[in-house]
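Index from 1, following the sequence. Below, each value reflects all heavy atoms present in this structure, side chains not excepted, and no hydrogens, waters or symmetry copies.
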Amino acid sequence: LTREREVQQALQHLEEACIQQRRIQDHGQTECEAELTDTATPSTLLTRRRGQAVESFGHRQDGEWILEPEETLYLAERGSLSVFQASGDPESPNSGSVKRRRLGVPELYRQLLPKV
């Protein structure tokens, strides 16, 4: 193989690995789940905590386990945390219309990090 061909193959394998990792991040089964809070300061409320991936993350606040934006992004990027957001209007007469929607990593970045 020529050096150029080796580099092309390496890049192709890297791209395939990135696509597979992205699929896991956005759609795979994770150890933990969280809800994006609808507050002035973005954070996530841990709703399902399993495994050791989150043992050293977050803090207790009013009896709830809260993750900081940076912690949420780190765990979501490595495929350990699924973050959901309520979609629909909780105030509507048909309150059963509120559904949870899983957020992808790019969307988490947009929602959790301040605009610069």
Side-chain angles (χ1 to χ4, degrees):
L1 289 175
T2 66
R3 182 73 178 143
E4 185 177 327
R5 180 73 177 134
E6 283 181 23
V7 170
Q8 286 177 343
Q9 283 183 338
L11 287 173
Q12 183 179 4
H13 291 298
L14 182 60
E15 183 179 4
E16 290 169 3
C18 287
I19 290 169
Q20 182 180 4
Q21 178 65 22
R22 185 63 176 275
R23 205 173 289 129
I24 290 168
Q25 291 169 342
D26 292 343
H27 305 290
Q29 182 65 27
T30 60
E31 295 175 329
C32 304
E33 290 184 1
E35 290 283 336
L36 187 64
T37 60
D38 192 23
T39 60
T41 314
S43 61
T44 51
L45 170 67
L46 202 58
T47 57
R48 183 172 62 110
R49 185 177 178 179
R50 260 186 15 206
Q52 296 182 352
V54 296
E55 286 300 313
S56 60
F57 292 96
H59 63 277
R60 284 282 223 201
Q61 182 177 319
D62 300 325
E64 305 283 349
W65 202 257
I66 305 294
L67 296 172
E68 295 298 323
E70 298 83 6
E71 296 170 324
T72 301
L73 290 169
Y74 174 77
L75 292 168
E77 283 179 342
R78 53 178 294 207
S80 299
L81 178 71
S82 297
V83 180
F84 293 88
Q85 184 176 39
S87 61
D89 183 10
E91 302 298 320
S92 76
N94 301 333
S95 59
S97 65
V98 177
K99 296 181 179 154
R100 290 175 20 147
R101 180 176 64 87
R102 185 172 176 173
L103 303 175
V105 173
E107 192 170 5
L108 283 172
Y109 269 95
R110 283 192 300 274
Q111 298 218 17
L112 291 174
L113 295 182
K115 305 222 186 314
V116 287

Contacts of type side-chain hydrogen bond (donor to acceptor under 3.5 Å, both in side chains), residue Gln8, not counting sequence neighbours: none
Those residues that, when tested against Glu33, pass salt bridge (charged side-chain N to carboxylate O under 4.0 Å, His left out) (two or more places apart): Arg48, Arg100
Least distance between heavy atoms, Gly79 atom then Thr30 atom: O-CG2, 3.4 Å
ILVMFWY cluster, Leu103 and Val105 together (side-chain gap under 4.5 Å): yes
With Arg49 via side-chain hydrogen bond (donor to acceptor under 3.5 Å, both in side chains) - residues at least two apart: none
For the student: nearest non-hydrogen atoms of Leu108 and Ala76, plus distance: CD1-CB, 3.6 Å
Under the side-chain hydrogen bond (donor to acceptor under 3.5 Å, both in side chains) test, residues paired with Tyr74 that sit two or more places apart: none
Stepwise side-chain contact (heavy atoms from CB on, under 4.5 Å) test for Leu36 and Leu112: CA-CA 9 Å; Leu36 187 64; Leu112 291 174; 3.5 Å; yes
Shortest non-hydrogen separation from Arg50 to Glu31 and the atoms involved: CB-O, 3.3 Å
Separation between CG of Leu73 and CZ of Arg78, rounded to the nearest 0.5 Å: 14.0 Å
Pairing residues for Leu11 by the side-chain contact (heavy atoms from CB on, under 4.5 Å) criterion, not counting sequence neighbours: Val7
Partners passing side-chain contact (heavy atoms from CB on, under 4.5 Å) against Gln12 (at least two apart in sequence or in another chain): Glu16
Glu71: side-chain hydrogen bond (donor to acceptor under 3.5 Å, both in side chains) partners, not counting sequence neighbours: none
Can you list, pair by pair, the side-chain donor-acceptor contacts under 3.5 Å of residues 61-70, counting residues two or more places apart and other chains?
unit_1: Gln61; atom_1: OE1; unit_2: His59; atom_2: NE2; d: 3.3
unit_1: Trp65; atom_1: NE1; unit_2: Phe57; atom_2: O; d: 3.1

Reported OG1-to-CD distance for the pair Thr44 and Gln111, which is rounded to 0.5 angstrom: 11.5 Å
